[in-house]
Amino acid sequence: MKDFTEYVITIIKAIPDGRVMTYGQIAKVAGKPRAARQVSWILHSMSQKYKLPWHRVINSKGEISLKGSEQKELLEMEGVHFSNLGKVNLDTYLWEPDEEELLHG
DNA sequence: TGAATGACAACCC
DNA sequence: CGGGTTGCCATTC
């Protein structure tokens, strides 16, 4: 497994309940600020083989990309509040991982 | 090989 | 603020 993919998976697994991260944010933390699309690829590819909290990954607008899925409900169940526009307040719920969080696994 | 694709993001008007 | 365009990078055909 490539380092980038491995790191992305590590980060996603480290997202706490009730918090979210954006594709671009994850890519940036994983070392490739422009690789947001690879993060999406990793998600729809790996989430079928590994158990990842993929529902905590949303786009930069704070919206759900997979409309019609249960992603929004999963987040609400964890305490993430959606506006009447179906958006999340990133200032409140966006999570920025600490090195300790990732190293601790 | 070259072209098309995608659970995105930043810009521009 | 909304919609369209361009840039990105790995994967697939």
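Quick note on labels: first sequence line is chain A, next is B, and so on, each numbered from 1.
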**Q** Could you tell me the separation between the NE2 atom of A:His44 and the P atom of C:dC9, rounded to a whole number of Å?
**A** 17 Å

**Q** Could you tell me whether the side chain of A:Arg56 reaches within less than 4.5 Å of the side chain of A:Asp17, counting heavy atoms only?
**A** yes

**Q** Among C:dT11, B:dA9, B:dA7, which nucleotide has an atom closest to any side-chain atom of A:Trp41?
**A** C:dT11

**Q** Quick one: which of C:dC9, B:dG6, B:dA10 gets closest to the side chain of A:Arg34?
**A** C:dC9

**Q** Strictly below 4.0 Å: does A:Ser65 bring a side-chain N or O up to OP1 or OP2 of B:dC8?
**A** yes

**Q** Please work out if A:Ser69 contacts a base, only the sugar-phosphate, or nothing of the nucleic acid, heavy-atom cut-off 4.0 Å.
**A** nothing

**Q** Rounded to whole Å, please give me the gap between OH in A:Tyr23 and P in C:dG7.
**A** 23 Å

**Q** Is there a side-chain polar atom (N or O) of A:Lys28 under 4.0 Å from OP1 or OP2 of B:dA9?
**A** no

**Q** How long is the line joining CG of A:Asp3 and P of C:dC9, in whole Å?
**A** 17 Å

**Q** Mind calculating the distance between CD1 (A:Ile9) and C1' (C:dA10) to the nearest angstrom?
**A** 14 Å

**Q** For the pair made of CG in A:Leu43 and P in B:dA9, what is the distance, rounded to whole Å?
**A** 12 Å

**Q** Examine distances only and state if a side-chain atom of A:Gln71 and a backbone atom of A:His55 form a donor-acceptor pair shorter than 3.5 Å.
**A** yes

**Q** Roughly how many Å is it from NZ in A:Lys32 to P in C:dC9, rounded to a whole number?
**A** 8 Å

**Q** Assign A:Lys61 to base, sugar-phosphate, or nothing according to its heavy-atom contacts below 4.0 angstrom with the strands shown.
**A** nothing

**Q** Look at the side chain of A:Ser40 and decide which nucleotide, out of C:dG7, C:dA10, B:dA7, has an atom nearest to it.
**A** B:dA7

**Q** When you measure from the side-chain N and O atoms of A:Ser60 to the phosphate of B:dA9, is any distance below 4.0 Å, counting only OP1 and OP2?
**A** yes

**Q** Count the heavy atoms of every other residue, nucleotide or ligand shown that sit under 6.0 Å from CD of A:Glu73, and state whether that count exceeds 12.
**A** no

**Q** Is a side-chain donor or acceptor of A:Tyr7 paired with a backbone partner of A:Ala27 at a separation under 3.5 angstrom?
**A** no

**Q** Both A:Phe4 and A:Lys87 contact DNA chain C. Which one's nearest nucleotide lies toward the 5' end?
**A** A:Lys87

**Q** Return the nearest nucleotide to the side chain of A:Gln38; candidates are C:dT11, B:dC8, B:dG6.
**A** B:dG6

**Q** Measure the distance from CD on A:Glu63 to P on C:dG3 and round it to the nearest whole Å.
**A** 11 Å

**Q** From CZ of A:Arg37 over to C1' of C:dT6, roughly how many Å is that when rounded to an integer?
**A** 11 Å

**Q** Taking side chain as C-beta onward, heavy atoms only, is A:Val20 less than 4.5 Å from A:Ile15?
**A** no

